[in-house]
Amino acid sequence: DSSDINDIQNFAKSNFAAPNPDYYAKGKGMNVIYISLESLQSFIINYKMPDGTEVTPFLNKLTTGADNTTYFKNFFHQTGSGKTSDAEFMMENSLFPLSQGPVFQMKGTNAYQAAPAIMDQHGYETAAFHGNVKSFWNRDQMYRALGYERFFDAKYYDMSSENTKNYGMKDKSFLQETMPYLKNLKQPFYSKLILLSNHFPFGMDPEDTSFKPGDFGDKVVNNYVQSANYMDQAVEQFFKDLKEAGLFDKSIVILYGDHYGLSENHNDAMAKVLNKEQITPFDNAQLQRVPLFIHIPKVAGGTVPTYGGDVDVRPTLMSLLGINTKNYIQFGTDLFSKQHQQIVPFRNGDVITSKYSIVGGSVYDNATGKKVDRSFGKPYETQAKKMLDYSDKVIYGDLLRFYTPKGFVAPDVSKINYNTDQK
Ligand code: GP9
Ligand code: MN
């Protein structure tokens, strides 16, 4: 009931991580561009094919700090059955998705205090871009609840058969067609672009790639490298276009892998990919790493070892923008903060920290991959369970109705209408 919200607010407040002055407000007033990298897992970053070819040469450069980009190599997706949409949900709310069913479909009419609504109040124009129909995964309803003013869906794109694959627009066409819309937004803007074409089962139209498929004895895994390479090229071109448009030095760009692309069904091939005898449950948990890159103009980048997950991104971004979210109900902490908590809870009950991986009830030492005494994991399990339980209470009880952080104004959902947008 509504009295729970006080406990939850106190919990969130006591876990707040003070911003790091080296990063705080470094992106104040800048545009924000999120790019959801479909099914991209971190194992592919800096991976070399047996003949030495890199799969993602552009993203690999970003890991060295190119283009003022920070790469988080120990970042994990925390999605459940809502997949892409669960990742979106966490990025914008810093709440967990549900353990049962996609929150986008089940709780699209809840009250939220999401990033787009917050940015609207800071004078930002807010827009989502997705190369499929707006009702897909109930986005049209959820995006209104999140406070998105504009939603560029299929009707804004040339959805001809050369430009599309199973889930909608191919990445290169999508990004190319998105650029003019992005340029025309009123600055500063907060935007997100959902890439789609690197999606299971990853087969590509032959004319879209000259990259050699893998030879790992599994068609899905063989095609994955080709398709990931295509996405890498698409993102490289997009960075060039942002520079040409004069947007690159005025924008924080966040690239993130939304969830795994290769399930445990492909473990035999994955063992070949990773040169291992087999993929153990411990290995599989480590494979839930997804890349997170943050481009911050004028801030030196590079690869950082901080452990974190999807719920940590909103607090990180808000610190960069110089927006104080201490009074918000959120379950992540700023990845750049010295007080950041390196605890990553998953919806299946597993927990990964910088020291231990708690997987299927066993506790492993990250450094050795060996099992250690179960008691070592206890404090982390307790903390993770509390976070998940509180987040569930917020969502199932629609508790944000009963609490408004100072300065926050809920979006007027009845006034948002994605039909009236003009091309
Ligand atoms: C993109 C996405 C569909 O619209 O939601 O694919 P999935 O969620 O399975 O990645
Ligand atoms: Mn996805």
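Hydrogens, waters and symmetry mates are skipped; everything else that's a heavy atom, side chains included, is used. Order of appearance sets the numbers: ligands from 1, and atoms from 1 within every ligand. None of the values given here were measured: they were computed from a predicted structure.
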Flag [X] as yes when one of its N or O atoms lies below 3.5 Å from any N or O atom of ligand 1, and as no otherwise.
X	value
Thr84	yes
Arg139	yes
Tyr167	no

Thinking salt bridges, do Asp392 and Arg347 make one under a 4.0 Å N-O criterion? yes

Run the salt-bridge test on Asp398 and Arg401 with the 4.0 Å N-O cut-off and return the result as yes or no. yes

Is there a heavy atom in Leu196 that sits closer than 4.0 Å to ligand 1?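 For ligand 1, residue contact (heavy atoms, under 4.0 Å) with Leu196 is present.
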
Shortest-distance N/O/S atom, Asp258 versus the Mn ion (ligand 2):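 The Mn ion (ligand 2) is closest to the Asp258 atom OD2, counting only N, O or S.
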
Tell me which N, O or S atom of His259 sits nearest to the Mn ion (ligand 2). NE2

Which of the numbered atoms in ligand 1 are below 4.0 angstrom from a heavy atom of His259?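 Answer for ligand 1: 10 (O).
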
For Glu38, atoms of ligand 1 separated by under 4.0 Å from a heavy atom: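 Matching atoms, with element in brackets: 10 (O).
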
Do [X] and [Y] get their side chains close enough for a donor-acceptor pair, meaning under 3.5 Å?
X	Y	answer
Gln339	Thr333	no
Ser319	Asp334	yes
Arg289	Asn74	yes
Asp86	Thr79	no

If you stand at the Mn ion (ligand 2) and look out to OG1 of Thr84 and OE1 of Glu38, what angle do those two lines make, to 10°?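 That angle works out to 90° after rounding to 10°.
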
Heavy-atom contacts under 4.0 Å between Phe200 and ligand 1: side chain, backbone, both, or neither? neither

heavy-atom search around atom 4 (O) of ligand 1 in the protein gives His130 NE2, 2.8 Å

Students should be able to answer this: which protein heavy-atom is nearest to atom 9 (O) of ligand 1, and at what distance?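 Closest protein heavy atom to atom 9 (O) of ligand 1: His199 NE2, 3.1 Å.
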
Ser39 N/O/S atom closer than 2.8 Å to the Mn ion (ligand 2): no

Does Asp268 have any salt bridge (Lys or Arg N to Asp or Glu O under 4.0 Å) partners at least two apart in sequence or in another chain, and if so, which? none

Once the angle between the rings of His295 and Phe248 is folded into 0 to 90°, is it parallel (under 30°), tilted (30 to 60°) or perpendicular (over 60°)? parallel

Taking Glu92 as the fixed residue, which of Tyr112, Tyr148, Tyr34 is the one that meets the side chain to side chain donor-acceptor pair (under 3.5 Å) rule? Tyr148

